[in-house]
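As structure tokens, the structure follows; a few thoughts come after it.
The structure displayed is predicted, hence computed values, not measured ones. Labels below follow one simple rule: chain letters A, B, ... track the order of the sequence lines, proteins then strands, and each chain is numbered from 1.
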There are 2 protein chains.
Amino acid sequence: MKKGGEPAPKVRLLRAAAALLAESGGEPVSTRQITEAARVTAPTLYHHFGDKEGLFDAVVAEGFSEYLAAERSIPTSGQPIEDLRMHWDNHVRFGLDHPHLYLVMFGNIRPERRPSMVASAEAFLEEVLARAAAAARLVVSPHEAARSMLAANIGVTLMLISEPAAKRNLELSAMTREAVISAVATDSESDPVTDTEGTPSVVVAAIALNAALQSSHPDQLSSSELKLFLEWLQRISSRSGG
Amino acid sequence: MKKGGEPAPKVRLLRAAAALLAESGGEPVSTRQITEAARVTAPTLYHHFGDKEGLFDAVVAEGFSEYLAAERSIPTSGQPIEDLRMHWDNHVRFGLDHPHLYLVMFGNIRPERRPSMVASAEAFLEEVLARAAAAARLVVSPHEAARSMLAANIGVTLMLISEPAAKRNLELSAMTREAVISAVATDSESDPVTDTEGTPSVVVAAIALNAALQSSHPDQLSSSELKLFLEWLQRISSRSGG
DNA sequence: TAACACCTATAGCACCGTTATATGAACTGG
DNA sequence: CCAGTTCATATAACGGTGCTATAGGTGTTA
């Protein structure tokens, strides 16, 4: 496509927008600033991105792909709970590294504007949690667990971003992280059926079985049988809240 | 000041701004819309509020006073942990009742813009937690507990707001609430020193004593003695994170 | 050369937040 | 009752914003 030398105007626009968004401390960035920084005139922006919002959406999409790349680069340690901590900390780190981008990514709440991206972040976390579920370490469904963890993770990151970098106390993150994890998972590696704690062990077993079934290719059961079985399991595993 | 009949222009501006902000689904509201709705011309706005931001700050301030009034109207049940649940749920309810206002109140992260208000909300929650601490039900300091709870509370509320009202699942709130509470407090009403669980009972006792000392007027100790004593307690109670 | 997409630039529109200036209303001292 | 002062509102305009109708340049194909 493009040899070397100078990037194409489209790329320059993306970089200029990202840079100005990061620098200008939250205040709005004008299209004129962007086009000037990219050494381009206004119609070029609208030709490539249609909209100011379209340009910003492209910046956000790049941010998300960077975020997801960082998430995917975290290896599976074999200890599902430890993996959860890694991903939580990575989320916070990303937020503190790119505060303004993070704000546009996770602080933009308008329901119709953000679902696809945040949903994919949530889906990825759900995959990690599914591995924990397969290891019989979850006491709720991966779906619920992912939502709860992500909500708390975002809340903590926003709060950390909001305070001056000097007096940031990462203990807030670690503490809330352990709170959510301990509510969602069990630390014991013991046999789930003979769990010694007060957690309802049948629920742990059901969730683990559910996760195992969903991740494998069950040729043993007919599809209708499987469907009924999964429904039954899900009904059990969603009753852990009491 | 003002009899009855028609409110003063200043009040009309406030109400118009609040109404338009609530209606117009997150999109920016222009000063012209506001002044027209308030049946007032532009300079009146700038005379009373100096700025568009000043007007919005006033709206936000009203929102916060409404929020704090709702918080204060929650009676003390005598069961500190149950009180925590009440305040958490009240926070979520406020967010879902005034989603756009909530977004400006708690979603606006720019460090210099929001501290006073959010700080007062945090301070109020800290008071509630101090009562729990005085009842020897906290395993961390009220300050840390308030920050963690508020962060998770905001994160959950933002996530609930972001999804369509139809498919909102309040279980997310309840689950995360219990997670944070259980990490911050102990459910048992037993004597803290003879606590049966794995929680370090001396820490619970220290935090309770610390809270009791700070809330009373300690005429028994000299101020220098007290200062040293409090420092010592705080050093102990901050080591619960391990 | 001619024709065709593709990309970019000139110039301008309607709107925005904001303000210099002026007019009106309400109180105060004589 | 009037003059002076202060507060509150209005007229009209400025510069900046997102955006676009229109036109011009560029490279590839025939």
Where chain B begins and ends its contact with DNA chain C, read 5' to 3' at 4.0 Å from heavy atoms: C/dC16 to C/dA20

I need the CZ-C1' distance between B/Arg39 and D/dA10, as an integer number of Å. 16 Å

Applying side-chain contact (heavy atoms from CB on, under 4.5 Å), name anything that partners B/Arg39, two or more places apart in sequence or on another chain. B/Glu6, B/Arg12

With sequence neighbours excluded, what pairs up with B/Phe94 under the ring-ring contact (aromatic ring centres under 6.0 Å, His included) test? B/Tyr67, B/His98

Given atom NZ of A/Lys52 and atom C1' of D/dT17, what is their separation to the nearest angstrom? 8 Å

Taking ring-ring contact (aromatic ring centres under 6.0 Å, His included) as the definition, give me every residue that meets it alongside B/Phe49, ordered by chain and number, with sequence neighbours left out. none

Under 3.5 Å, is there a donor-acceptor pair linking the side chains of B/Trp88 and B/Thr176? no

So, using side-chain contact (heavy atoms from CB on, under 4.5 Å) as the criterion, who are the partners of B/Ser24 when residues are at least two apart? B/Val29

A/Leu55 has an atom CG; how far is it from atom P of D/dT17, in whole Å? 15 Å

Distance below 4.0 Å between A/Tyr46 side-chain N/O and D/dT20 OP1 or OP2: no

CG of A/Leu45 versus P of D/dC19: gap in Å, rounded? 8 Å

Selection residues 59-68 of chain A - residue pairs positive for salt bridge (charged side-chain N to carboxylate O under 4.0 Å, His left out), sequence neighbours left out: none

Can you name the salt bridge (Lys or Arg N to Asp or Glu O under 4.0 Å) partners of B/Asp89, sequence neighbours left out? B/Arg177

Please list each protein N or O that sits under 3.5 Å from an N or O in nucleotides 7-9 of chain D, with the distance.
from, atom 1, to, atom 2, distance (Å)
D/dA8, OP2, B/His47, NE2, 3.0
D/dT9, OP2, B/His48, NE2, 2.6

Residue set satisfying side chain to side chain donor-acceptor pair (under 3.5 Å) with A/Glu71, at least two apart, ordered chain then number -> A/His87, A/Asn90

